[in-house]
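Working notes for the structure below.
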Amino acid sequence: KHEMSVELFQGGDRAENVAVFMVRQYAAILSRSAADTTLGTHSTRKITLEFTAAHRQQREPGQQKRPLQRMMIQAVYGYNNPEQQRHLSNALWDAVIGEKQAYLKRPGHSWASVITVGDFNAAHYSEIDTDRPGSNTREKEANILESIAGAGLHDVFRECHPTTRALSRTPPTALREQGHAARRID
């Protein structure tokens with residue numbers, strides 16, 4: 001029904017390939033797409049797509065000239081068990097936050113939008129982000145989500161549903177038997 005375009009990113013020594021599909025209207029205004037080469041062989045853990053509108057929006061008489069609309073999308077695949085891979089995980093999230101801040105500081109980008117999506121492999125609170133019974137204790141990788149929020153990115157789902165228990169991943173039986181919980185990590 002829709003004509004699609006694809007951007008393909010090939011990862012390092014593992015099967016870390018990523019395909020991003022988009023309708024042709026977005027492909028036509030795609031100004032940059034890249035894997036993060038600063039992450040070495042894990043470069044496809046952060047993919048960045050930048051879009052620039054083809055023209056400015058019309059302005060009403062007496063209004064200032066409107067800026068050209070711009071948007072950056074960061075697709076992120078966080079590390080499983082980031083505590084065991086702290087150096088790699090910290091490098092990934094430092095790159096995400098640093099790129100977001102640098103993007104908004106570029107000339108003409110002060111009104112740009114930044115959207116960070118993906119499989120973060122991080123949950124915040126046990127009570128609402130896992131199926132564990134009990135109190136509202138912080139999950140061990142909650143600091144990742146707190147750093148993201150501190151950088152000005154918002155968990156849109158949590159803002160709209162602050163107390164709803166939501167799960168996006170249920171572990172296989174073998175992991176369940178080892179004590180792994182279902183979690184909201186995406």
Side-chain angles (χ1 to χ4, degrees), residues 1-54 68-109 112-124 129 139-141 143-145 147-149 151-157 167-172 174-175 180 182-186:
K1 190 172 187 174
H2 298 286
E3 286 190 42
M4 302 292 285
S5 179
V6 64
E7 292 286 316
L8 181 62
F9 304 91
Q10 294 183 319
D13 56 353
R14 295 182 167 177
E16 295 177 345
N17 299 323
V18 176
V20 177
F21 295 87
M22 65 191 91
V23 293
R24 293 233 182 248
Q25 292 89 331
Y26 275 93
I29 60 170
L30 179 66
S31 53
R32 182 178 88 86
S33 65
D36 192 331
T37 57
T38 66
L39 300 173
T41 60
H42 300 269
S43 65
T44 56
R45 286 202 174 257
K46 183 171 82 62
I47 303 295
T48 301
L49 305 167
E50 293 181 19
F51 300 90
T52 304
L68 197 59
Q69 291 181 316
R70 301 174 192 280
M71 175 176 63
M72 179 174 74
I73 298 175
Q74 297 171 308
V76 181
Y77 176 40
Y79 288 91
N80 291 321
N81 202 345
E83 290 298 312
Q84 289 182 353
Q85 302 180 68
R86 184 182 302 268
H87 176 73
L88 294 171
S89 181
N90 288 347
L92 171 64
W93 293 109
D94 288 349
V96 168
I97 292 168
E99 182 180 46
K100 179 249 182 202
Q101 292 169 337
Y103 181 76
L104 293 176
K105 288 180 182 176
R106 288 187 204 165
H109 285 67
S113 298
V114 176
I115 301 170
T116 304
V117 298
D119 180 353
F120 293 1
N121 280 315
H124 205 178
D129 294 325
E139 287 289 294
K140 62 185 175 186
E141 65 283 332
N143 62 314
I144 292 171
L145 299 175
S147 294
I148 293 168
L153 292 167
H154 301 268
D155 182 341
V156 177
F157 176 83
L167 309 171
S168 61
R169 178 190 177 270
T170 302
L175 290 177
H180 288 245
R183 307 173 78 214
R184 183 177 85 90
I185 58 174
D186 302 316

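Model, not experiment: these values are computed from the prediction.
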Kindly state each residue pair satisfying salt bridge (Lys or Arg N to Asp or Glu O under 4.0 Å) with at least one member in [range], sequence neighbours excluded.
range	value
residues 112-123	none
residues 88-99	Arg32-Glu99, Lys46-Glu99
residues 77-91	Glu83-Arg86

[atom2] on [Y] to [atom1] on [X], rounded to 0.5 Å:
X	Y	atom1	atom2	result
Lys140	Asn81	NZ	CG	4.0 Å
Phe21	Leu8	CZ	CG	8.5 Å
Leu30	Ser5	CG	OG	8.0 Å
Ile144	Phe120	CD1	CZ	10.0 Å
His109	Leu68	NE2	CG	9.0 Å
Trp93	Asn143	CH2	CG	11.0 Å

Main-chain N/O of [Y] paired with [X] side-chain donor or acceptor, under 3.5 Å:
X	Y	value
Lys100	Val114	no
Ser43	Leu39	no
Arg45	Tyr77	yes
Ser168	Ile185	yes
Gln74	Val96	yes
Asp129	Arg184	no

Smallest separation among heavy atoms of Ile97 and Ser147, with atom names =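 Distance-wise, the nearest heavy atoms are CD1-O, 3.7 Å.
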
ask   = Any idea which heavy atoms bring Tyr103 and Ala112 closest together, and the distance?
value =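 That would be CE2-CB, 3.5 Å.
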
inquiry  = Which residues pass the side chain to side chain contact (heavy atoms under 4.5 Å, CB included) test with Ala54, not counting sequence neighbours?
reply    = Ile29

Non-neighbouring partners of Ala182 that pass side chain to side chain contact (heavy atoms under 4.5 Å, CB included), sequence neighbours left out =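 With neighbours one apart ignored, the set is Asp131, Leu167, Thr170, Pro171, Arg176.
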
query = Under the criterion side chain to side chain contact (heavy atoms under 4.5 Å, CB included), which of Met72, Arg70, Glu50 is the partner of Ser31?
reply = Glu50

message = With side chain to side chain contact (heavy atoms under 4.5 Å, CB included) as the criterion, how do Val20 and Leu49 come out once you've worked through the C-alpha distance, each side chain's angles and the decisive distance to 0.1 Å?
response = CA-CA 9 Å; Val20 177; Leu49 305 167; 3.6 Å; yes

query = What do you reckon, is CZ of Phe9 surrounded by more than 12 foreign heavy atoms closer than 6.0 Å?
reply = yes

request  = Identify, with sequence neighbours excluded, every residue that meets side-chain hydrogen bond (donor to acceptor under 3.5 Å, both in side chains) alongside Ser113.
outcome  =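 Here no residue qualifies.
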
